[in-house]
K.L.:
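Below you will find the structure I want to go over with you.
Numbers here are sequence positions counted from 1.
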Amino acid sequence: MDSLDDADSAFESGIERLEREVATLERTIRATDEDVDAELRSRFEAVAGELQAVLAESNGGHGMINTRTGRTITPLAADPDDVSLADIAHALSNLTRFTGHGAEFYSVARHAVHVSYEVEARGGGPDAVRWGLLHDATEAYIADVPAPVKRSLPGYTHAEAELAAVVRKAFDLDLSSADERLVDSADGDVGRYELAVHFPDSVHEKPALECDPADLERRLGVDGGDGELFRRRARELGFE
């Protein structure tokens, strides 16, 4: 009984400490005139990650999900050995960009293929191009949150970053900070182009891309579906 009481007390103390930390961060954010800087946001996400861990511990650990290939994976405490390219390809081919609000179905898998070609066209090295293909692989396991929501959703960015690190380890990707910036830039530009296409009545402008999307779409075609398109690109990049 004493051990249970001690565990409850420790849990409550942990929650109280996190509450104080969040309150401190809230006061800091409210006192900031400009956008919250990267360091403060990183600290906020770290606290949210701690809270996720505390809550998981109280429920017997993080939960697992089933995957298409018959595996299981625990997204918030993933093992690189549980990450599967086949599962990623299947899941991303069934997930739509823009939470389904685009002019027509457009999968995350197809977007990822476009990004990989854009990174390649911008002179990215092999691992940068591979990461261009896999940069949204986390969505295969924790789905996606629209970017405007993600910025205000405590904990998601932390979970996404932790899982992304596991994906990079699973595929033995050695990325420099320059590689990451290149992929982020290509992803952002491709995304803005897609916004302009799928929301033609909006104010979104098409950025200039090194790899022409219309030409790429003609070359890619639709045979086999987007899952096969993703796997084909993966084979070209030496994953299979």
K.L.:
Tell me whether Arg110 forms a cation-pi arrangement with Phe105, defined as NZ or CZ under 6.0 Å from the six-membered ring centre and within 45 degrees of its axis.
P.N.:
no
K.L.:
Thinking salt bridges, do Glu194 and Arg97 make one under a 4.0 Å N-O criterion?
P.N.:
yes
K.L.:
For Thr72, is there any backbone N or O sitting under 3.5 Å from a side-chain donor or acceptor partner on Asn66?
P.N.:
no
K.L.:
Check whether Ser185 reaches the backbone of Leu182 with its side chain - one donor and one acceptor, N or O, closer than 3.5 Å.
P.N.:
no
K.L.:
Flag the pair Asp179 and Arg130 as a salt bridge only when some basic side-chain nitrogen lies within less than 4.0 angstrom of an acidic carboxylate oxygen.
P.N.:
no
K.L.:
Consider side chain to side chain contact (heavy atoms under 4.5 Å, CB included). Of Ile73, Thr74, Thr67, Val166, which one does Asp82 pass it with?
P.N.:
Ile73
K.L.:
Is it the case that one hydrophobic cluster holds both Ile65 and Val145, taking links as side-chain heavy atoms less than 4.5 Å apart, direct or via other members?
P.N.:
yes
K.L.:
Is there side-chain contact between Asp144 and Asp136, with at least one heavy-atom pair below 4.5 Å?
P.N.:
no
K.L.:
Check for a donor-acceptor pair, side chain of Ser84 on one end and backbone N or O of Ala86 on the other, with a separation under 3.5 Å.
P.N.:
yes
K.L.:
When you group the ILVMFWY residues by side-chain heavy-atom contacts below 4.5 Å and let the links chain together, are Met64 and Tyr141 in the same group?
P.N.:
no
K.L.:
Go through the side-chain N and O atoms of His114 and Glu217 and say whether any donor and acceptor fall under 3.5 Å apart.
P.N.:
yes
K.L.:
Provide the closest heavy-atom pair for Ala112 versus His135 in the form atom of the first, atom of the second, distance.
P.N.:
CA-CE1, 4.0 Å
K.L.:
Would you confirm whether Asp215, through its side chain, and Cys211, through its main-chain N or O, come within 3.5 Å as a donor-acceptor pair?
P.N.:
no
K.L.:
Shortest non-hydrogen contact from Val83 to Arg71?
P.N.:
O-NH1, 4.4 Å
K.L.:
side-chain contact (heavy atoms from CB on, under 4.5 Å) for Val113 and Glu118? Distances and angles first, verdict last.
P.N.:
CA-CA 9 Å; Val113 171; Glu118 182 65 20; over 6 Å; no
K.L.:
Against Asp189, only a single residue in Arg122, Glu210, Lys206 fulfils side chain to side chain contact (heavy atoms under 4.5 Å, CB included); can you say which?
P.N.:
Arg122
K.L.:
Can you list everything that forms a ring pair (Phe, Tyr, Trp, His ring centres under 6.0 Å) with Phe171? Sequence neighbours excluded, please.
P.N.:
Phe239
K.L.:
Have His111 and Asp187 got a donor and an acceptor in their side chains that come within less than 3.5 Å?
P.N.:
yes
K.L.:
Give a yes or no on whether Leu209 and Leu195 share a hydrophobic cluster (residues Ile, Leu, Val, Met, Phe, Trp, Tyr; joining criterion: side-chain heavy atoms under 4.5 Å apart).
P.N.:
no
K.L.:
Rounded to the nearest 0.5 Å, what separates atom CD1 in Ile88 from atom CZ in Arg231?
P.N.:
12.0 Å
K.L.:
Between Phe98 and Phe199, does the ring centroid distance fall short of 6.0 Å?
P.N.:
yes
K.L.:
Strictly by modelled atom types, are Ser107 and Asp226 linked by a side-chain donor-acceptor pair under 3.5 Å?
P.N.:
yes
K.L.:
Tell me the closest heavy-atom pair linking Ala140 and Asp87, and the distance in Å.
P.N.:
CB-O, 4.5 Å
K.L.:
Who are the side-chain contact (heavy atoms from CB on, under 4.5 Å) partners of Asp172, not counting sequence neighbours?
P.N.:
none
